[in-house]
Amino acid sequence: QVQLVESGGGLVQAGDSLRLSCEASGGTFSSYYMGWFRQPPGKEREFVGSITRSGDTTYYTDSVKGRFTISSDVKNMVYLQMNSLKPEDTAVYYCAASWRAYSDNWKPDYWGQGTQVTVSS
């Protein structure tokens, strides 16, 4: 069973950049498809993006395409680089891992505890 720990959240201004990190432990990292979700205040958790086990293919929700980038060191770390941040990006961001490849209604098996990102206007 894999454990996930996010870091890197904080308070930034609109237009700023932030990089979130997710460290995985306790499992075979190469077995998992990794991803990021977020939960804005008062809303349901939503998919942000995912990356394949090999790290060579990524998927993103439309609202972050061109601004956010997921990467992996293929060892035990996954990153979410967030550029041109907007107030609507304010949310708790969660790292997630799954035995299954990304698809519609993707539901990962493991979750981190989340890290808060707040973007002020």
Side-chain angles (χ1 to χ4, degrees):
Q1 180 171 339
V2 65
Q3 289 82 45
L4 305 172
V5 178
E6 304 95 336
S7 62
L11 172 63
V12 297
Q13 293 186 333
D16 285 351
S17 297
L18 203 59
R19 189 176 85 153
L20 305 183
S21 300
C22 172
E23 181 176 9
S25 62
T28 304
F29 187 77
S30 60
S31 299
Y32 300 100
Y33 297 87
M34 302 298 295
W36 290 91
F37 286 71
R38 66 186 181 185
Q39 186 166 16
K43 297 184 179 180
E44 294 187 352
R45 190 177 299 184
E46 61 186 21
F47 171 77
V48 174
S50 69
I51 189 167
T52 55
R53 293 181 295 187
S54 60
D56 59 358
T57 303
T58 53
Y59 305 90
Y60 299 97
T61 191
D62 286 345
S63 63
V64 308
K65 285 181 181 177
R67 299 189 299 122
F68 289 13
T69 303
I70 295 177
S71 62
S72 170
D73 68 356
V74 206
K75 295 180 181 178
N76 70 329
M77 298 295 296
V78 178
Y79 305 98
L80 180 65
Q81 177 66 44
M82 304 184 292
N83 298 330
S84 301
L85 282 161
K86 304 175 181 180
E88 51 263 44
D89 295 319
T90 294
V92 178
Y93 283 73
Y94 296 90
C95 180
S98 176
W99 297 103
R100 297 170 295 278
Y102 170 72
S103 62
D104 288 345
N105 298 314
W106 188 51
K107 289 180 174 56
D109 303 284
Y110 304 101
W111 297 87
Q113 83 288 350
T115 185
Q116 177 71 46
V117 172
T118 303
V119 184
S120 64
S121 58

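- Here Phe68 contributes atom CZ and Thr61 contributes atom OG1; the two are 10.5 Å apart, rounded to the nearest 0.5 Å.
- Not counting sequence neighbours, the partners of Thr118 by the side chain to side chain contact (heavy atoms under 4.5 Å, CB included) test are Leu11, Thr90, Gln116.
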Can you give each donor-acceptor pair under 3.5 Å made by side-chain atoms of residues 12-30, sequence neighbours left out, with the distance rounded to 0.1 Å?
from, atom 1, to, atom 2, distance (Å)
Asp16, OD2, Gln13, N, 3.1
Ser17, OG, Asn83, OD1, 2.9

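- Residues satisfying the ring-ring contact (aromatic ring centres under 6.0 Å, His included) criterion with Tyr93, sequence neighbours excluded, are absent altogether.
- Taking the side chain to side chain contact (heavy atoms under 4.5 Å, CB included) definition, one finds that Ser103 meets it with nothing, sequence neighbours left out.
- Between Gln113 and Glu6, the closest heavy-atom pair is OE1-OE1, 2.8 Å.
- For the atom pair Thr52 OG1 and Tyr59 OH, the distance stands at 7.0 Å (nearest 0.5 Å).
- The shortest distance between side-chain heavy atoms of Thr69 and Tyr79 does not fall below 4.5 Å.
- Residue Phe47 holds its CZ atom at 11.5 Å from CG of Asn105, rounded to the nearest 0.5 Å.
- If you run side chain to side chain contact (heavy atoms under 4.5 Å, CB included) between Arg67 and each of Met82, Lys86, Gln81, only Lys86 comes through.
- Residues Val2 and Val78 fall within the same hydrophobic cluster, defined by Ile, Leu, Val, Met, Phe, Trp and Tyr side chains chained together at heavy-atom separations under 4.5 Å.
- Among all heavy-atom pairs drawn from Ile70 and Thr58, the shortest one is O-CG2, 3.6 Å.
- Atom OG of residue Ser31 and atom CZ of residue Arg53 lie 7.0 Å apart, to the nearest 0.5 angstrom.
- Across all non-hydrogen atoms, the minimal contact from Asp73 to Asn76 is OD1-N, 3.0 Å.
- Gln1 pairs by the side chain to side chain contact (heavy atoms under 4.5 Å, CB included) definition with Gln3, Tyr110, not counting sequence neighbours.
- Residues Tyr32 and Ile51 have side chains not in contact (no heavy-atom distance under 4.5 Å, counting atoms from C-beta outward).
- Interatomic distance, Trp36 CH2 to Cys95 SG, rounded to the nearest 0.5 Å: 5.0 Å.
- Side-chain atoms of Met34 and Leu4, non-hydrogen and from C-beta on, do get closer than 4.5 Å to each other.
- In this structure Glu46 satisfies the salt bridge (charged side-chain N to carboxylate O under 4.0 Å, His left out) test together with Arg38, sequence neighbours excluded.
- Put simply, CH2 on Trp106 and OG on Ser98 are 5.5 Å apart, with the number rounded to the nearest 0.5 Å.
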Residue pair Arg100, Asp109: steps toward the side-chain contact (heavy atoms from CB on, under 4.5 Å) verdict: CA-CA 9 Å; Arg100 297 170 295 278; Asp109 303 284; 3.1 Å; yes
